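First the structure, in the form of C-alpha coordinates, and then the observations on it.
Below, chains carry the letters A, B, ... as their sequence lines are ordered, and counting in each starts from 1. Quantities reported herein were computed from a predicted structural model and do not represent experimental measurements.
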2 protein chains.
Amino acid sequence: MSSETLKIPQATAKRLPLYYRFLKNLHSAGKLRVSSAELSEAVKVDSATIRRDFSYFGALGKKGYGYNVDYLLSFFRKTLDQDELTKVALVGVGNLGTALLNYNFLKNNNTKISVAFDIDEAKIGSTMSGVTIYHMDDMEKVLEELGISIAILTVPAPYAQSITDRLAKANVKGILNFTPARLTVPATMRVHHIDLAVELQSLVYFLKHYGVNEVEEIEE
Amino acid sequence: MSSETLKIPQATAKRLPLYYRFLKNLHSAGKLRVSSAELSEAVKVDSATIRRDFSYFGALGKKGYGYNVDYLLSFFRKTLDQDELTKVALVGVGNLGTALLNYNFLKNNNTKISVAFDIDEAKIGSTMSGVTIYHMDDMEKVLEELGISIAILTVPAPYAQSITDRLAKANVKGILNFTPARLTVPATMRVHHIDLAVELQSLVYFLKHYGVNEVEEIEE
DNA sequence: AAAACATTGTTATCCATTTCACATAAAACT
DNA sequence: AGTTTTATGTGAAATGGATAACAATGTTTT
(Lines give C-alpha, C1' and ligand atoms only; values in the text may rest on other atoms or scores of the structure.)
Protein backbone atom coordinates (compact mmCIF):
# COMPACT_ATOMS: atom_id res chain seq x y z
CA MET A 1 0.00 0.00 0.00
CA SER A 2 1.70 3.17 1.16
CA SER A 3 4.97 3.30 -0.74
CA GLU A 4 7.17 3.51 2.32
CA THR A 5 9.85 5.61 0.67
CA LEU A 6 12.57 7.03 2.86
CA LYS A 7 10.98 9.76 4.92
CA ILE A 8 11.32 13.08 3.22
CA PRO A 9 11.22 16.08 5.57
CA GLN A 10 7.79 17.65 5.72
CA ALA A 11 9.09 21.00 4.58
CA THR A 12 10.47 19.33 1.49
CA ALA A 13 7.28 17.40 0.82
CA LYS A 14 5.36 20.67 0.83
CA ARG A 15 7.62 22.10 -1.85
CA LEU A 16 7.37 19.17 -4.22
CA PRO A 17 4.10 20.21 -5.85
CA LEU A 18 5.60 23.63 -6.39
CA TYR A 19 8.66 22.25 -8.12
CA TYR A 20 6.46 20.04 -10.21
CA ARG A 21 4.37 22.93 -11.43
CA PHE A 22 7.36 24.97 -12.47
CA LEU A 23 8.95 22.04 -14.20
CA LYS A 24 5.79 21.69 -16.25
CA ASN A 25 6.06 25.35 -17.19
CA LEU A 26 9.68 24.90 -18.23
CA HIS A 27 8.76 21.85 -20.24
CA SER A 28 5.97 23.68 -22.06
CA ALA A 29 8.39 26.48 -22.77
CA GLY A 30 10.61 23.95 -24.49
CA LYS A 31 13.47 24.11 -22.02
CA LEU A 32 15.67 21.04 -21.92
CA ARG A 33 17.85 21.70 -18.92
CA VAL A 34 17.66 23.77 -15.77
CA SER A 35 20.00 24.56 -12.90
CA SER A 36 19.11 24.83 -9.26
CA ALA A 37 19.97 28.53 -9.54
CA GLU A 38 17.44 29.14 -12.31
CA LEU A 39 14.80 27.15 -10.51
CA SER A 40 15.55 29.11 -7.37
CA GLU A 41 14.83 32.37 -9.12
CA ALA A 42 11.51 31.04 -10.38
CA VAL A 43 10.12 29.44 -7.24
CA LYS A 44 11.81 31.75 -4.75
CA VAL A 45 13.47 29.02 -2.76
CA ASP A 46 17.18 29.07 -2.02
CA SER A 47 19.15 27.03 -4.55
CA ALA A 48 20.91 25.04 -1.85
CA THR A 49 17.53 24.12 -0.44
CA ILE A 50 16.40 22.94 -3.85
CA ARG A 51 19.48 20.78 -4.31
CA ARG A 52 19.03 19.38 -0.84
CA ASP A 53 15.36 18.66 -1.52
CA PHE A 54 16.18 16.84 -4.74
CA SER A 55 18.99 14.92 -3.13
CA TYR A 56 16.57 13.07 -0.87
CA PHE A 57 15.51 11.21 -3.99
CA GLY A 58 19.06 10.39 -5.07
CA ALA A 59 21.28 12.03 -7.63
CA LEU A 60 18.85 13.51 -10.10
CA GLY A 61 21.22 15.99 -11.72
CA LYS A 62 24.58 16.03 -13.36
CA LYS A 63 27.49 18.09 -12.13
CA GLY A 64 28.43 20.94 -14.38
CA TYR A 65 25.18 20.55 -16.29
CA GLY A 66 22.19 20.83 -14.01
CA TYR A 67 18.98 18.86 -14.32
CA ASN A 68 17.33 17.44 -17.40
CA VAL A 69 13.83 18.89 -17.44
CA ASP A 70 12.14 15.88 -18.99
CA TYR A 71 13.80 13.44 -16.67
CA LEU A 72 13.05 15.49 -13.60
CA LEU A 73 9.48 15.99 -14.69
CA SER A 74 8.78 12.33 -15.25
CA PHE A 75 10.47 11.52 -11.97
CA PHE A 76 8.25 13.89 -10.06
CA ARG A 77 5.19 12.76 -11.94
CA LYS A 78 5.76 9.29 -10.55
CA THR A 79 6.72 10.53 -7.12
CA LEU A 80 3.65 12.71 -6.83
CA ASP A 81 1.37 10.00 -8.19
CA GLN A 82 0.30 12.17 -11.04
CA ASP A 83 -0.52 9.19 -13.19
CA GLU A 84 -3.57 8.21 -11.26
CA LEU A 85 -6.42 10.64 -10.77
CA THR A 86 -7.09 11.49 -7.14
CA LYS A 87 -10.75 12.04 -6.39
CA VAL A 88 -11.76 14.53 -3.76
CA ALA A 89 -15.09 15.45 -2.19
CA LEU A 90 -16.28 18.96 -1.47
CA VAL A 91 -18.38 19.34 1.66
CA GLY A 92 -20.30 22.60 1.77
CA VAL A 93 -21.21 24.40 -1.43
CA GLY A 94 -21.35 27.99 -0.19
CA ASN A 95 -19.42 30.93 -1.54
CA LEU A 96 -16.02 29.45 -0.99
CA GLY A 97 -17.07 25.95 -1.93
CA THR A 98 -18.49 27.19 -5.21
CA ALA A 99 -15.28 29.04 -5.98
CA LEU A 100 -13.29 25.88 -5.36
CA LEU A 101 -15.60 23.92 -7.64
CA ASN A 102 -14.75 26.31 -10.41
CA TYR A 103 -11.08 26.29 -9.54
CA ASN A 104 -9.46 23.87 -11.91
CA PHE A 105 -7.27 21.66 -9.77
CA LEU A 106 -6.99 19.24 -12.64
CA LYS A 107 -5.02 21.65 -14.71
CA ASN A 108 -1.97 21.52 -12.51
CA ASN A 109 -2.46 18.38 -10.56
CA ASN A 110 -4.19 15.21 -11.37
CA THR A 111 -6.69 15.88 -8.64
CA LYS A 112 -10.36 16.49 -9.12
CA ILE A 113 -13.39 17.41 -7.06
CA SER A 114 -15.61 14.52 -8.07
CA VAL A 115 -18.60 15.09 -5.85
CA ALA A 116 -20.08 17.72 -3.57
CA PHE A 117 -22.45 17.78 -0.61
CA ASP A 118 -24.73 20.40 0.84
CA ILE A 119 -28.02 20.71 2.70
CA ASP A 120 -29.58 23.40 0.52
CA GLU A 121 -32.47 21.73 -1.32
CA ALA A 122 -32.16 24.24 -4.13
CA LYS A 123 -28.70 22.94 -4.96
CA ILE A 124 -29.16 19.24 -4.39
CA GLY A 125 -29.39 17.18 -7.54
CA SER A 126 -27.98 19.96 -9.69
CA THR A 127 -24.49 20.00 -11.07
CA MET A 128 -21.97 22.83 -10.89
CA SER A 129 -18.88 22.75 -13.08
CA GLY A 130 -19.85 19.21 -13.93
CA VAL A 131 -19.98 18.09 -10.31
CA THR A 132 -23.17 16.64 -8.89
CA ILE A 133 -24.33 17.94 -5.55
CA TYR A 134 -25.81 15.41 -3.13
CA HIS A 135 -27.60 15.85 0.12
CA MET A 136 -25.36 15.62 3.12
CA ASP A 137 -27.56 12.84 4.46
CA ASP A 138 -26.20 10.62 1.70
CA MET A 139 -22.59 11.56 2.30
CA GLU A 140 -21.31 8.36 3.87
CA LYS A 141 -23.00 6.20 1.25
CA VAL A 142 -21.75 8.20 -1.74
CA LEU A 143 -18.22 8.54 -0.39
CA GLU A 144 -17.90 4.82 0.07
CA GLU A 145 -19.36 4.08 -3.35
CA LEU A 146 -16.85 6.36 -4.98
CA GLY A 147 -13.98 5.28 -2.77
CA ILE A 148 -13.08 8.82 -1.83
CA SER A 149 -10.66 9.38 1.02
CA ILE A 150 -9.99 13.11 0.82
CA ALA A 151 -12.43 15.92 1.57
CA ILE A 152 -12.38 19.68 1.32
CA LEU A 153 -14.34 21.20 4.17
CA THR A 154 -16.12 24.50 3.52
CA VAL A 155 -19.06 24.44 5.87
CA PRO A 156 -20.01 26.95 8.57
CA ALA A 157 -17.69 26.58 11.55
CA PRO A 158 -20.30 25.27 14.00
CA TYR A 159 -20.89 22.19 11.85
CA ALA A 160 -17.25 21.44 11.15
CA GLN A 161 -16.54 19.06 14.00
CA SER A 162 -19.64 16.90 13.69
CA ILE A 163 -19.18 16.58 9.94
CA THR A 164 -15.55 15.69 10.51
CA ASP A 165 -16.63 12.91 12.82
CA ARG A 166 -18.86 11.57 10.08
CA LEU A 167 -16.07 11.82 7.52
CA ALA A 168 -13.81 9.86 9.85
CA LYS A 169 -16.38 7.09 10.08
CA ALA A 170 -16.75 7.10 6.30
CA ASN A 171 -13.06 6.27 6.06
CA VAL A 172 -11.88 9.65 4.86
CA LYS A 173 -8.18 10.02 5.66
CA GLY A 174 -7.40 13.62 4.78
CA ILE A 175 -9.21 16.91 5.20
CA LEU A 176 -8.37 20.27 3.73
CA ASN A 177 -10.09 22.43 6.31
CA PHE A 178 -11.15 25.94 5.32
CA THR A 179 -13.21 26.51 8.44
CA PRO A 180 -11.79 28.32 11.45
CA ALA A 181 -12.54 25.30 13.65
CA ARG A 182 -9.57 23.31 14.93
CA LEU A 183 -10.69 19.78 14.34
CA THR A 184 -10.29 16.84 16.65
CA VAL A 185 -9.57 13.75 14.57
CA PRO A 186 -8.46 10.17 15.08
CA ALA A 187 -4.73 9.54 14.75
CA THR A 188 -5.37 7.89 11.41
CA MET A 189 -6.46 11.15 9.83
CA ARG A 190 -4.57 14.15 8.63
CA VAL A 191 -5.85 17.72 8.54
CA HIS A 192 -4.37 20.66 6.68
CA HIS A 193 -5.73 24.04 7.64
CA ILE A 194 -6.24 26.99 5.41
CA ASP A 195 -7.45 29.65 7.76
CA LEU A 196 -8.20 32.73 5.69
CA ALA A 197 -8.82 35.15 8.54
CA VAL A 198 -5.65 34.06 10.33
CA GLU A 199 -3.59 34.43 7.18
CA LEU A 200 -4.85 37.92 6.59
CA GLN A 201 -4.47 38.97 10.15
CA SER A 202 -0.99 37.61 10.52
CA LEU A 203 0.02 39.52 7.42
CA VAL A 204 -1.34 42.67 9.05
CA TYR A 205 0.59 41.88 12.20
CA PHE A 206 3.85 41.33 10.36
CA LEU A 207 3.53 44.58 8.49
CA LYS A 208 2.87 46.58 11.62
CA HIS A 209 5.36 44.98 13.95
CA TYR A 210 8.25 43.80 11.87
CA GLY A 211 10.46 46.26 10.16
CA VAL A 212 9.27 45.78 6.62
CA ASN A 213 12.10 44.27 4.55
CA GLU A 214 13.17 42.36 7.62
CA VAL A 215 12.35 39.04 6.05
CA GLU A 216 11.93 38.27 2.40
CA GLU A 217 9.30 35.64 1.97
CA ILE A 218 7.28 33.45 4.20
CA GLU A 219 5.75 30.27 3.08
CA GLU A 220 2.49 29.19 4.39
CA MET B 1 5.27 54.41 13.63
CA SER B 2 5.84 50.66 13.71
CA SER B 3 5.77 49.74 17.37
CA GLU B 4 9.21 48.18 17.49
CA THR B 5 8.32 45.67 20.15
CA LEU B 6 10.83 42.97 20.97
CA LYS B 7 10.89 40.64 18.01
CA ILE B 8 8.46 37.82 18.48
CA PRO B 9 9.38 34.66 16.59
CA GLN B 10 7.51 34.37 13.33
CA ALA B 11 5.98 31.06 14.27
CA THR B 12 4.55 32.72 17.36
CA ALA B 13 3.26 35.72 15.44
CA LYS B 14 1.34 33.42 13.14
CA ARG B 15 -0.44 31.83 16.06
CA LEU B 16 -1.52 35.05 17.72
CA PRO B 17 -4.64 35.57 15.61
CA LEU B 18 -5.62 32.02 16.40
CA TYR B 19 -5.27 32.55 20.12
CA TYR B 20 -7.20 35.75 19.84
CA ARG B 21 -10.10 34.08 18.13
CA PHE B 22 -10.39 31.35 20.71
CA LEU B 23 -10.15 33.81 23.55
CA LYS B 24 -13.09 35.63 22.05
CA ASN B 25 -15.02 32.38 21.99
CA LEU B 26 -14.18 31.71 25.62
CA HIS B 27 -15.21 35.21 26.54
CA SER B 28 -18.56 34.87 24.77
CA ALA B 29 -19.06 31.59 26.54
CA GLY B 30 -18.67 33.44 29.84
CA LYS B 31 -15.45 31.78 30.89
CA LEU B 32 -13.39 33.80 33.33
CA ARG B 33 -10.15 31.84 33.45
CA VAL B 34 -8.31 29.40 31.24
CA SER B 35 -5.20 27.30 31.53
CA SER B 36 -2.63 26.66 28.84
CA ALA B 37 -3.75 23.03 28.89
CA GLU B 38 -7.34 23.92 28.11
CA LEU B 39 -6.31 26.31 25.40
CA SER B 40 -4.04 23.66 24.00
CA GLU B 41 -6.94 21.26 23.63
CA ALA B 42 -8.96 23.90 21.81
CA VAL B 43 -6.40 25.25 19.37
CA LYS B 44 -4.38 22.05 18.99
CA VAL B 45 -1.07 23.60 19.94
CA ASP B 46 1.14 22.08 22.62
CA SER B 47 0.56 23.73 25.98
CA ALA B 48 4.27 24.43 26.48
CA THR B 49 4.30 26.22 23.15
CA ILE B 50 1.37 28.34 24.23
CA ARG B 51 3.06 29.30 27.49
CA ARG B 52 6.26 30.10 25.64
CA ASP B 53 4.36 32.18 23.09
CA PHE B 54 2.61 34.16 25.80
CA SER B 55 5.84 34.61 27.73
CA TYR B 56 7.32 36.74 24.95
CA PHE B 57 4.88 39.39 26.06
CA GLY B 58 5.79 39.10 29.72
CA ALA B 59 4.05 37.29 32.55
CA LEU B 60 0.42 37.27 31.51
CA GLY B 61 -0.74 34.49 33.77
CA LYS B 62 -0.70 33.56 37.42
CA LYS B 63 0.86 30.40 38.77
CA GLY B 64 -1.62 27.89 40.04
CA TYR B 65 -4.46 29.80 38.40
CA GLY B 66 -3.91 30.17 34.69
CA TYR B 67 -4.87 33.16 32.62
CA ASN B 68 -7.65 35.64 33.15
CA VAL B 69 -9.68 35.57 29.96
CA ASP B 70 -10.67 39.22 29.98
CA TYR B 71 -7.18 40.40 30.69
CA LEU B 72 -5.64 38.21 28.03
CA LEU B 73 -8.26 39.23 25.52
CA SER B 74 -7.78 42.93 26.02
CA PHE B 75 -4.03 42.45 25.90
CA PHE B 76 -4.22 40.70 22.56
CA ARG B 77 -6.71 43.19 21.23
CA LYS B 78 -4.11 45.88 21.74
CA THR B 79 -1.25 43.75 20.49
CA LEU B 80 -3.08 42.77 17.33
CA ASP B 81 -4.25 46.33 16.71
CA GLN B 82 -7.85 45.27 16.82
CA ASP B 83 -8.92 48.72 17.84
CA GLU B 84 -8.27 50.31 14.50
CA LEU B 85 -9.90 48.98 11.35
CA THR B 86 -7.45 47.73 8.75
CA LYS B 87 -8.59 48.36 5.20
CA VAL B 88 -7.70 45.90 2.49
CA ALA B 89 -8.13 45.93 -1.28
CA LEU B 90 -9.27 42.97 -3.36
CA VAL B 91 -7.69 42.74 -6.79
CA GLY B 92 -9.56 40.41 -9.13
CA VAL B 93 -13.26 39.72 -8.61
CA GLY B 94 -13.54 36.24 -10.12
CA ASN B 95 -14.86 33.15 -8.39
CA LEU B 96 -12.44 33.19 -5.56
CA GLY B 97 -12.43 36.96 -5.22
CA THR B 98 -16.20 36.99 -4.97
CA ALA B 99 -16.12 34.33 -2.30
CA LEU B 100 -13.64 36.39 -0.29
CA LEU B 101 -15.84 39.46 -0.64
CA ASN B 102 -18.62 37.54 1.00
CA TYR B 103 -16.34 36.09 3.61
CA ASN B 104 -16.78 38.17 6.67
CA PHE B 105 -13.29 39.03 7.85
CA LEU B 106 -14.72 41.73 10.06
CA LYS B 107 -16.45 39.24 12.28
CA ASN B 108 -13.25 37.84 13.70
CA ASN B 109 -10.73 40.47 12.93
CA ASN B 110 -11.04 44.14 12.60
CA THR B 111 -10.07 43.85 8.97
CA LYS B 112 -12.26 44.71 6.01
CA ILE B 113 -12.15 44.51 2.24
CA SER B 114 -12.93 48.14 1.50
CA VAL B 115 -12.56 48.22 -2.25
CA ALA B 116 -12.21 45.87 -5.20
CA PHE B 117 -10.77 46.04 -8.71
CA ASP B 118 -11.45 44.14 -11.89
CA ILE B 119 -11.43 44.65 -15.66
CA ASP B 120 -14.86 43.18 -16.37
CA GLU B 121 -17.04 46.11 -17.49
CA ALA B 122 -20.13 44.27 -16.30
CA LYS B 123 -18.88 44.41 -12.73
CA ILE B 124 -17.31 47.83 -12.65
CA GLY B 125 -19.30 50.44 -10.80
CA SER B 126 -21.46 47.85 -9.09
CA THR B 127 -21.14 46.85 -5.49
CA MET B 128 -20.89 43.36 -4.07
CA SER B 129 -21.37 42.77 -0.36
CA GLY B 130 -21.25 46.53 0.01
CA VAL B 131 -17.90 46.87 -1.70
CA THR B 132 -17.58 49.03 -4.80
CA ILE B 133 -15.74 47.55 -7.76
CA TYR B 134 -13.49 49.90 -9.71
CA HIS B 135 -11.70 49.47 -12.97
CA MET B 136 -8.16 48.26 -12.61
CA ASP B 137 -6.99 51.31 -14.54
CA ASP B 138 -7.95 53.42 -11.54
CA MET B 139 -6.24 51.17 -9.04
CA GLU B 140 -3.26 53.34 -8.11
CA LYS B 141 -5.41 56.42 -7.74
CA VAL B 142 -8.07 54.78 -5.58
CA LEU B 143 -5.54 52.96 -3.40
CA GLU B 144 -3.74 56.14 -2.61
CA GLU B 145 -6.95 58.04 -1.92
CA LEU B 146 -8.04 55.40 0.56
CA GLY B 147 -4.57 54.94 2.01
CA ILE B 148 -4.64 51.19 1.58
CA SER B 149 -1.43 49.24 2.00
CA ILE B 150 -2.62 45.64 1.90
CA ALA B 151 -4.02 43.78 -1.10
CA ILE B 152 -5.53 40.37 -1.69
CA LEU B 153 -4.54 39.10 -5.11
CA THR B 154 -6.98 36.83 -6.93
CA VAL B 155 -6.28 37.45 -10.59
CA PRO B 156 -5.32 34.94 -13.29
CA ALA B 157 -1.71 33.85 -12.81
CA PRO B 158 -0.31 35.48 -15.97
CA TYR B 159 -1.28 38.94 -14.72
CA ALA B 160 -0.04 38.47 -11.18
CA GLN B 161 3.48 39.82 -11.57
CA SER B 162 2.64 42.94 -13.54
CA ILE B 163 -0.17 43.84 -11.18
CA THR B 164 2.16 43.25 -8.26
CA ASP B 165 4.61 45.71 -9.77
CA ARG B 166 1.84 48.27 -9.94
CA LEU B 167 0.82 47.58 -6.35
CA ALA B 168 4.41 48.12 -5.27
CA LYS B 169 4.47 51.49 -6.95
CA ALA B 170 1.17 52.37 -5.33
CA ASN B 171 2.83 51.89 -1.95
CA VAL B 172 1.15 48.64 -1.04
CA LYS B 173 3.26 46.85 1.56
CA GLY B 174 1.61 43.47 1.90
CA ILE B 175 0.03 41.01 -0.49
CA LEU B 176 -2.00 37.94 0.28
CA ASN B 177 -1.36 36.04 -2.92
CA PHE B 178 -3.86 33.40 -4.00
CA THR B 179 -2.35 32.96 -7.45
CA PRO B 180 0.12 30.21 -8.22
CA ALA B 181 2.69 32.78 -9.34
CA ARG B 182 5.73 33.29 -7.11
CA LEU B 183 6.01 37.02 -7.01
CA THR B 184 9.14 39.09 -7.25
CA VAL B 185 8.79 42.08 -4.95
CA PRO B 186 10.95 44.87 -3.57
CA ALA B 187 12.48 44.20 -0.17
CA THR B 188 10.01 46.62 1.35
CA MET B 189 7.07 44.36 0.59
CA ARG B 190 5.85 41.20 2.15
CA VAL B 191 3.97 38.40 0.41
CA HIS B 192 2.04 35.57 2.01
CA HIS B 193 1.07 32.76 -0.32
CA ILE B 194 -2.05 30.68 -0.21
CA ASP B 195 -1.56 28.21 -2.97
CA LEU B 196 -4.67 26.10 -3.14
CA ALA B 197 -3.43 23.52 -5.61
CA VAL B 198 -0.20 23.05 -3.68
CA GLU B 199 -2.08 22.64 -0.43
CA LEU B 200 -4.34 20.00 -1.87
CA GLN B 201 -1.56 18.16 -3.59
CA SER B 202 0.73 18.14 -0.61
CA LEU B 203 -2.11 16.67 1.44
CA VAL B 204 -2.43 13.93 -1.16
CA TYR B 205 1.31 13.33 -1.01
CA PHE B 206 1.36 13.09 2.77
CA LEU B 207 -1.47 10.60 2.81
CA LYS B 208 0.17 8.36 0.26
CA HIS B 209 3.73 8.49 1.47
CA TYR B 210 3.64 9.00 5.17
CA GLY B 211 2.30 6.33 7.36
CA VAL B 212 -0.98 7.87 8.29
CA ASN B 213 -0.96 8.72 12.01
CA GLU B 214 2.74 9.49 11.69
CA VAL B 215 2.22 13.13 12.54
CA GLU B 216 -0.75 14.64 14.26
CA GLU B 217 -1.37 18.05 12.80
CA ILE B 218 0.39 20.32 10.36
CA GLU B 219 -0.14 23.99 10.13
CA GLU B 220 -0.11 25.63 7.12
C1' DA C 1 43.16 16.52 -25.48
C1' DA C 2 43.88 19.86 -22.29
C1' DA C 3 42.23 23.84 -19.82
C1' DA C 4 38.61 26.46 -18.17
C1' DC C 5 34.13 26.48 -16.52
C1' DA C 6 29.70 25.22 -14.39
C1' DT C 7 26.97 23.06 -11.17
C1' DT C 8 25.90 19.24 -8.39
C1' DG C 9 25.72 16.66 -3.91
C1' DT C 10 27.00 16.95 0.70
C1' DT C 11 29.41 18.14 5.03
C1' DA C 12 29.39 21.15 8.53
C1' DT C 13 27.23 24.95 10.50
C1' DC C 14 23.79 27.80 11.79
C1' DC C 15 19.30 29.28 13.13
C1' DA C 16 14.47 28.70 14.55
C1' DT C 17 11.20 26.23 16.90
C1' DT C 18 9.38 22.79 19.84
C1' DT C 19 9.29 20.18 23.83
C1' DC C 20 10.75 18.48 28.35
C1' DA C 21 10.97 19.00 32.93
C1' DC C 22 10.95 21.41 37.03
C1' DA C 23 11.56 25.24 40.44
C1' DT C 24 8.46 28.53 41.83
C1' DA C 25 4.49 30.58 43.50
C1' DA C 26 -0.25 31.17 43.79
C1' DA C 27 -4.72 28.94 44.82
C1' DA C 28 -7.61 25.64 47.01
C1' DC C 29 -8.48 22.73 50.56
C1' DT C 30 -8.64 20.91 55.36
C1' DA D 1 -2.24 28.21 59.31
C1' DG D 2 -0.46 24.54 57.12
C1' DT D 3 -0.68 21.20 53.42
C1' DT D 4 -1.75 19.85 48.97
C1' DT D 5 -2.81 20.91 44.46
C1' DT D 6 -2.42 23.43 40.34
C1' DA D 7 -0.33 25.61 36.58
C1' DT D 8 2.96 29.19 35.18
C1' DG D 9 7.44 30.70 33.20
C1' DT D 10 11.78 29.19 31.65
C1' DG D 11 16.51 26.92 31.36
C1' DA D 12 18.18 23.24 28.90
C1' DA D 13 17.82 19.70 25.47
C1' DA D 14 16.03 18.03 21.27
C1' DT D 15 14.31 18.47 16.78
C1' DG D 16 13.80 20.33 12.32
C1' DG D 17 15.09 23.08 8.70
C1' DA D 18 17.99 26.42 5.91
C1' DT D 19 22.37 27.93 4.26
C1' DA D 20 27.33 28.43 3.31
C1' DA D 21 30.90 26.59 1.21
C1' DC D 22 33.46 23.52 -1.37
C1' DA D 23 35.37 19.04 -3.24
C1' DA D 24 34.03 16.26 -6.86
C1' DT D 25 32.84 15.66 -11.42
C1' DG D 26 30.93 16.31 -15.66
C1' DT D 27 30.53 19.94 -19.61
C1' DT D 28 32.13 23.20 -22.77
C1' DT D 29 35.53 25.60 -25.09
C1' DT D 30 39.74 26.14 -27.46
Side-chain angles (χ1 to χ4, degrees), chain A residues 6-16 18-19 23 26 31-69 71-72 75-76 202 206 209-210 214-220, chain B residues 6-16 18-19 23 26 31-69 71-72 75-76 182 193 202 206 209-210 214-220:
Chain A
L6 54 159
K7 279 292 164 32
I8 303 305
Q10 301 212 4
T12 297
K14 285 206 148 194
R15 284 187 292 265
L16 296 183
L18 190 61
Y19 296 147
L23 286 170
L26 290 177
K31 278 212 113 198
L32 298 179
R33 58 186 271 192
V34 66
S35 68
S36 61
E38 279 178 275
L39 213 46
S40 169
E41 170 59 24
V43 301
K44 305 278 189 277
V45 170
D46 186 273
S47 69
T49 301
I50 293 178
R51 292 198 299 282
R52 158 99 45 220
D53 282 349
F54 287 4
S55 79
Y56 291 116
F57 298 99
L60 302 177
K62 269 194 285 191
K63 298 190 179 188
Y65 175 91
Y67 302 89
N68 178 291
V69 172
Y71 177 74
L72 210 51
F75 180 84
F76 275 116
S202 81
F206 276 114
H209 293 261
Y210 284 64
E214 200 67 43
V215 196
E216 276 282 16
E217 284 264 283
I218 294 304
E219 199 54 14
E220 248 337 69
Chain B
L6 54 158
K7 280 290 164 34
I8 303 305
Q10 300 212 5
T12 297
K14 285 204 147 197
R15 283 187 291 265
L16 296 184
L18 188 62
Y19 296 147
L23 285 171
L26 290 177
K31 277 213 113 197
L32 298 179
R33 59 185 271 194
V34 65
S35 68
S36 61
E38 278 178 277
L39 214 45
S40 169
E41 170 60 23
V43 300
K44 305 279 189 271
V45 169
D46 186 274
S47 70
T49 302
I50 293 178
R51 292 198 301 279
R52 166 90 52 207
D53 283 347
F54 287 3
S55 79
Y56 292 116
F57 299 99
L60 302 178
K62 266 195 286 190
K63 300 190 179 189
Y65 174 89
Y67 302 89
N68 179 292
V69 172
Y71 177 74
L72 211 51
F75 181 85
F76 276 117
R182 308 311 270 197
H193 291 279
S202 80
F206 277 114
H209 293 261
Y210 284 63
E214 201 66 45
V215 196
E216 276 282 15
E217 285 264 281
I218 296 304
E219 202 54 11
E220 72 104 263

- Between Phe57(A) and Phe75(A), how do the two ring planes meet: parallel, tilted or perpendicular, split at 30° and 60°? perpendicular

- Task: Mind checking side chain to side chain contact (heavy atoms under 4.5 Å, CB included) for Ala13(B) and listing every partner two or more places apart, or none if nothing turns up?
- Result: Tyr205(A), Phe206(A), Tyr210(A)

- Message: Working to the nearest 0.5 angstrom, can you tell me the gap between Leu26(A) CG and Leu72(A) CG?
- Response: 9.5 Å

- Query: Who passes side-chain hydrogen bond (donor to acceptor under 3.5 Å, both in side chains) against Ser35(B), sequence neighbours left out?
  - Reply: none

- Message: Once side-chain hydrogen bond (donor to acceptor under 3.5 Å, both in side chains) is applied, do any residues pair with Thr49(A), and if so which ones, sequence neighbours excluded?
- Response: none

- To the nearest 0.5 Å, what is the distance between CD1 (Ile50(B)) and OH (Tyr19(B))? 4.5 Å

- Task: Report the residues that fulfil salt bridge (Lys or Arg N to Asp or Glu O under 4.0 Å) with Arg15(B), sequence neighbours left out, ordered by chain and then residue number.
- Result: Asp53(B)

Name the pairs: protein N/O against N/O of nucleotides 5-8 of chain C, kept only if under 3.5 Å.
from, atom 1, to, atom 2, distance (Å)
dT7(C), O4', Gly64(A), N, 3.2
dT7(C), O2, Gly64(A), N, 3.1
dT8(C), OP1, Ser36(A), N, 2.7
dT8(C), OP2, Ser36(A), OG, 2.7

- Message: What range of DNA chain D does chain A touch, first nucleotide to last, counting atoms under 4.0 Å from its heavy atoms?
- Response: dG17(D) to dT28(D)

- Message: Which is more 5' along DNA chain C, the nucleotide nearest Phe54(A) or the one nearest Thr49(B)? Just name the residue.
- Response: Phe54(A)

- Under the side-chain hydrogen bond (donor to acceptor under 3.5 Å, both in side chains) test, which residues partner Lys31(A), sequence neighbours left out? Glu38(A)

- Arg51(B): what forms a side-chain hydrogen bond (donor to acceptor under 3.5 Å, both in side chains) with it, not counting sequence neighbours? Ser36(B), Ser47(B)

- Note on the structure: Those residues at least two apart in sequence (or on a different chain) that pass ring-ring contact (aromatic ring centres under 6.0 Å, His included) with Tyr67(B) are Phe54(B)

- Query: Rounded to the nearest 0.5 Å, how far does CG of Leu23(A) lie from CZ of Phe76(A)?
  - Reply: 6.5 Å

- Between Lys44(A) and Glu41(A), which heavy-atom pair has the shortest distance, and what is it? NZ-O, 3.1 Å

Produce the list of close N/O pairs, under 3.5 Å, pairing protein atoms with atoms of nucleotides 12-14 of chain C; give distances to one decimal.
from, atom 1, to, atom 2, distance (Å)
dA12(C), N6, Arg52(A), NH2, 3.2

- Item | Overall bend - the helix from dA1(C)-dT30(D) to dT30(C)-dA1(D), comparing terminal axes fitted on five pairs, nearest 10 degrees | 20°

- Round to the nearest Å and state the distance from Asp46(A) atom CG to dA16(C) atom C1'. 16 Å

- Message: Minimum heavy-atom separation for Lys7(B) and His209(A), please, with both atom names.
- Response: CE-O, 3.7 Å

